[in-house]
Amino acid sequence: MRRRPNPWIAIPALVVGVLAGALGWIVTDVSCETTCVGWAALASIISFTIVTLGMVLILALVYRSLAEWQEKKEPETGSRR
């Protein structure tokens with residue numbers, strides 16, 4: 001049976017992405033001698049995008065493997081009755 005993707009996977013990925021974007025902004029802004037808002041914004045957007053996509057991919061694979069493991073485990077527990 002094929003299940004639909006779980007939309008709740010996006011919430012932790014977005015939280016981590018926002019934290020990575022803020023960290024990218026801060027590190028880039030601190031490393032400049034003068035204010036460089038453009039470079040800090042670019043670093044923030046790039047780090048947010050990469051980290052969010054990576055987290056969504058990893059979380060989707062983890063949830064899928066857990067679902068497959070539970071499906072394989074169900075017949076084993078049902079045959080012991």
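The model shown is predicted, which means the values in this text are computed figures rather than measured ones.
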(message) The criterion is side-chain contact (heavy atoms from CB on, under 4.5 Å); which residues satisfy it with Thr49, sequence neighbours excluded?
(response)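 If we apply the side-chain contact (heavy atoms from CB on, under 4.5 Å) test to Thr49, skipping adjacent residues, the hits are Ile45, Leu53.
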(request) Any disulfide (SG to SG under 2.5 Å) involving residues 45-74? Give me the pairs, sequence neighbours left out, ordered by first then second residue. (result)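 For residues 45-74: none.
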(request) Please report the closest heavy-atom contact between Ala13 and Val56, naming both atoms and the distance. (result)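 Taking every non-hydrogen atom into account, CB-CG2, 3.5 Å.
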(request) Considering only Ile, Leu, Val, Met, Phe, Trp and Tyr, and joining two whenever side-chain heavy atoms are under 4.5 Å apart, list the other residues clustered with Ile11. (result)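 Its cluster partners, ordered by chain and number, are Trp8.
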(request) Share the residues that join Leu42 in a hydrophobic cluster, the rule being Ile, Leu, Val, Met, Phe, Trp or Tyr side chains under 4.5 Å apart at the heavy-atom level. (result)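 Members besides Leu42, by chain and number: Trp39, Ile46, Ile50.
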Extract all donor-acceptor atom pairs below 3.5 Å that involve side chains of residues 14-30 and protein atoms in other chains or at least two apart in sequence.
from, atom 1, to, atom 2, distance (Å)
Thr28, OG1, Gly24, O, 2.8

